[in-house]
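Contents: one structure, followed by commentary.
All chains are named by letter (A, B, ...) in the order of the sequence lines, taking the proteins before the strands, and each is independently numbered beginning at 1.
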Amino acid sequence: MAAESTQQQGFARADRIKASREFARIKLDGQRLVSGCLIANWRRLEMPASSRLGVITPGRIGRAVDRNRARRLVREAFRLNRTGFSSPVDLVIIARNSIVGKPYSGVEKDFLTLLRKAGLLRLEREG
RNA sequence: CUGGAAGGGCGGAGAAUCGCUCCCCUGAUUUAUCAGGGGGGAGGAAAGUCCGAACACCGUAGGGCGCGAUGCCGCGUAACUCCGCUUGCGGAGAUACACACGGGGGACCUGGCCGCGAGGCCGGUUCACGGAAAGUGCCACAGAAAACAAACCGCCCCCUCCGGGGUAAGGGUGAAAAGGUGGGGUAAGAGCCCACCGCUUCAGGCGCAAGCAUGAAGGCACGGAAAACCCCAUCGGGUGCAAGGCCAAAUAGGGAACUGCGAGGCGGCCCGCCUCAUGCAACGCUCUUCGGAGCGGGGCCGGUUCCGGGUACGGGCUGCUUAGACAAAUGAUUCUCUCCCCGCAAGGGCAGACAGAAAUCGGCUUACAGCCCUUCCAGCACU
RNA sequence: GCGAGCGUAGCUCAGCCUGGUAGAGCAUCACGUUGCCAACGUGAGUGUCGAGGGUUCGAAUCCCUUCGCUCGCU
């Protein structure tokens, strides 16, 4: 909570979902939505917590290069837009095949569309 | 200048903002951690995992058989160890039957030259390149015959005919037909004889060597294939960083069948050897020389097989790294320079391919936009 | 990181060890049968043997390289 104010756009180790148990719990208890090249599973948290992200890039979508790039782009979209969240969530993003070859702007657009549909975004203040 | 082939090299650069990972220093904090500063942070293939090495553990009295790999000669190359400092290079030493380079030899060629010809020399391509004279087996179809040779047609001789004999020149078959070319010789023929070519053996010479050329002798014996079995020589114990070492926690230490026969180890097998077992107490029955022995069922113990349980995208540290993780670090945006593309130009577009380290090293193979260098070949233009 | 296996007709497989003709079943097509269909009967079509190279007179088969797919590991 002390760290929340200092890091606005960072993505430290504590902001990542790592344990396989947590992934399973979010998939079970949370909500699910599909949009574009992404699938989202998420679970709302109590207000004072900070949001966390986990990314899944299945081997099905491509080779190591494509999977690495997909994960980095999703992480970047999360990092740059996390201040706009309406409430803290545990978010798990699963990449689909169509993410291969997409530029960052396309991935970010899908990411924001997904969040808007899920009602996780605060009111858009500026265009 | 353009195009092609071969070989080698590069695989965009700089800056700003936000962000990630590891290490070091300083400060704060009980730790966890946080802040500031400094430094390191993907490739030529990091890939495929096709070879080999190193390293680690396990095994190891010994012998035989088997299994796998390699197979002309010479000379080199790594991680590793030591030293040095410019901190990623230099020097020295060691290993390699992985590989590179050079040499030798064989095979092949609308290739060039020489020779009447067999063939030789040069050039190019290519080769897993010990042995077919240790043995076994194979060579379909065709063909008379496919391997200690052999007579279908033909040729020659004998014979009235039937037939008998000689003969590997010629025909035909085939991938391949038992030295070849030219001449002599003969009834016809044949290394039967001669010359040359090839082959084999021997001699001395040259070369570190594989081998080479020369001379002499032998009438020629040895079809192919060992990427068929095999023989010979050499090498190889097995398993692999999920190897292995230390530590902590949790769970389990259970069931079934078979069995006290033996079991395990020495790579797989055999011999042989070694190790551990072949047991223990009580109960029932029988026998008894009263020491005990046999049988039975079942318990403990031991063995084998199967099932169940726990647990890894590294439980932690280490192995493990001047890149060094474990939901896995190299990213995003913008600008400039060049690169390339479109266009007569102004100008516009655009960072482009293949691809992401998981212990280390050498090699091989595969993928790859574009650019640069060297050599060779072809075309065009100019002098 | 390490190890094992498989690519043959549209599908499932055999043939490979021991080299000379590429086969079986299902499916497909044609004909017969039937008023029509199914079933049944007869017949037919068929393949770069994953790719490249080597050995051989000759390769699906033997050897090497390579591509793709599947599985395993305490």
Side-chain angles (χ1 to χ4, degrees):
Chain A
M1 312 134 210
E4 192 191 352
S5 59
T6 54
Q7 49 171 42
Q8 292 294 332
Q9 295 192 314
F11 188 64
R13 205 141 263 241
D15 301 327
R16 300 174 192 173
I17 300 171
K18 294 159 107 174
S20 140
R21 203 181 313 123
E22 293 185 90
F23 275 88
R25 212 174 67 193
I26 291 163
K27 188 179 175 188
L28 238 78
D29 300 349
Q31 295 169 277
R32 184 167 184 276
L33 202 62
V34 181
S35 173
C37 59
L38 302 172
I39 301 172
N41 283 308
W42 75 92
R43 209 164 68 90
R44 286 174 189 274
L45 300 173
E46 300 298 314
M47 258 330 257
S50 83
S51 295
R52 298 189 303 166
L53 175 72
V55 184
I56 299 176
T57 53
R60 187 178 63 251
I61 70 171
R63 296 234 206 184
V65 179
D66 302 320
R67 297 203 306 273
N68 278 345
R69 175 153 181 85
R71 189 169 58 250
R72 285 164 182 161
L73 292 180
V74 171
R75 272 181 34 191
E76 194 69 9
F78 174 83
R79 185 177 73 79
L80 294 174
N81 293 287
R82 65 185 305 181
T83 53
F85 281 17
S86 58
S87 68
V89 290
D90 272 357
L91 182 64
V92 172
I93 297 290
I94 304 167
R96 307 172 78 192
N97 292 32
S98 55
I99 199 172
V100 177
K102 266 198 181 182
Y104 170 73
S105 57
V107 175
E108 188 181 35
K109 191 171 150 233
D110 279 357
F111 184 77
L112 291 174
T113 307
L114 202 55
L115 292 185
R116 200 170 296 118
K117 278 191 196 170
L120 290 173
L121 274 187
R122 239 179 289 174
L123 290 196
E124 299 175 46
R125 297 165 305 197
E126 42 112 19

Pairwise [atom1] distance for [N] and [M], with rounding to whole Å:
N      : M      : atom1 : value
B:C235 : B:G265 : P     : 29 Å
B:A175 : B:C194 : P     : 39 Å
B:C65  : B:C58  : P     : 32 Å
B:C246 : B:G255 : P     : 32 Å
B:G224 : C:U55  : C1'   : 13 Å
B:A188 : B:U167 : C1'   : 7 Å
B:G119 : B:A144 : C1'   : 33 Å
C:G53  : B:C306 : C1'   : 49 Å

With sequence neighbours left out, write down each residue that passes salt bridge (charged side-chain N to carboxylate O under 4.0 Å, His left out) with A:Arg52, or none if nothing qualifies.
-> A:Glu22, A:Asp90
Tell me, please, which residues at least two apart from [X] pass side-chain contact (heavy atoms from CB on, under 4.5 Å).
X        : answer
A:Val65  : none
A:Asp110 : A:Cys37, A:Leu38, A:Lys102
A:Ala118 : A:Leu33, A:Trp42, A:Leu120

Comparing A:Gly54 and A:Val65 on RNA chain B - which has the more 5′ nearest nucleotide | A:Gly54
Please lay out, stage by stage, how A:Phe111 and A:Leu91 fare under the test side-chain contact (heavy atoms from CB on, under 4.5 Å).
-> CA-CA 11 Å; A:Phe111 184 77; A:Leu91 182 64; 4.1 Å; yes
Whole-Å distance between [N] [atom2] and [X] [atom1]?
X        : N      : atom1 : atom2 : answer
A:Phe78  : B:C20  : CZ    : P     : 12 Å
A:Arg82  : B:C18  : CZ    : P     : 16 Å
A:Asp66  : B:A355 : CG    : P     : 9 Å
A:Glu108 : B:C18  : CD    : P     : 18 Å
A:Arg67  : B:A327 : CZ    : C1'   : 13 Å
A:Leu53  : B:G19  : CG    : P     : 17 Å

Base-paired stems in RNA chain C, each at least three Watson-Crick or G-U pairs under 3.5 Å | C:1-7 with C:67-73, C:10-13 with C:23-26, C:28-32 with C:40-44, C:50-54 with C:62-66
With sequence neighbours excluded, tell me which residues meet side-chain hydrogen bond (donor to acceptor under 3.5 Å, both in side chains) with [X].
X        : value
A:Glu108 : A:Asn81, A:Tyr104
A:Asn68  : A:Arg71
A:Arg32  : none

Is A:Arg63 touching bases, backbone alone, or none of the nucleic acid, heavy atoms closer than 4.0 Å?
-> sugar-phosphate
Output the distance between atom OG1 (A:Thr57) and atom CD1 (A:Ile99), rounded to the nearest 0.5 Å.
-> 9.0 Å
Once you apply the 3.5 Å cut-off to both distances, tell me the Watson-Crick or G-U wobble partner of B:C229, or none.
-> B:G135
Using both distances under 3.5 Å as the test, list the Watson-Crick or G-U wobble partner of B:A203, or none.
-> B:U214
Sort me out a list of protein N/O and nucleotides 332-335 of chain B N/O pairs below 3.5 Å, or just none if empty.
residue	atom	partner	partner atom	Å
B:A332	OP1	A:Arg69	NH1	2.3
B:A332	OP1	A:Arg69	NH2	3.0

Anti/syn call for [N], syn if |chi| within 90°:
N      : result
B:A42  : syn
B:G68  : anti
B:G352 : syn

Are A:Leu53 and A:Arg82 close enough that some pair of their side-chain heavy atoms sits under 4.5 Å apart?
-> no
Step by step, work out the side-chain contact (heavy atoms from CB on, under 4.5 Å) result for A:Ser86 and A:Arg44.
-> CA-CA 10 Å; A:Ser86 58; A:Arg44 286 174 189 274; 4.2 Å; yes
Residue of the set A:Val74, A:Val92, A:Asn41 for which side-chain contact (heavy atoms from CB on, under 4.5 Å) holds with A:Ile56 | A:Val92
At a cut-off of 3.5 Å, list every protein nitrogen or oxygen paired with a nitrogen or oxygen from nucleotides 348-353 of chain B, distance to 0.1 Å.
none

Protein-nucleotides 42-45 of chain B N/O pairs under 3.5 Å:
none

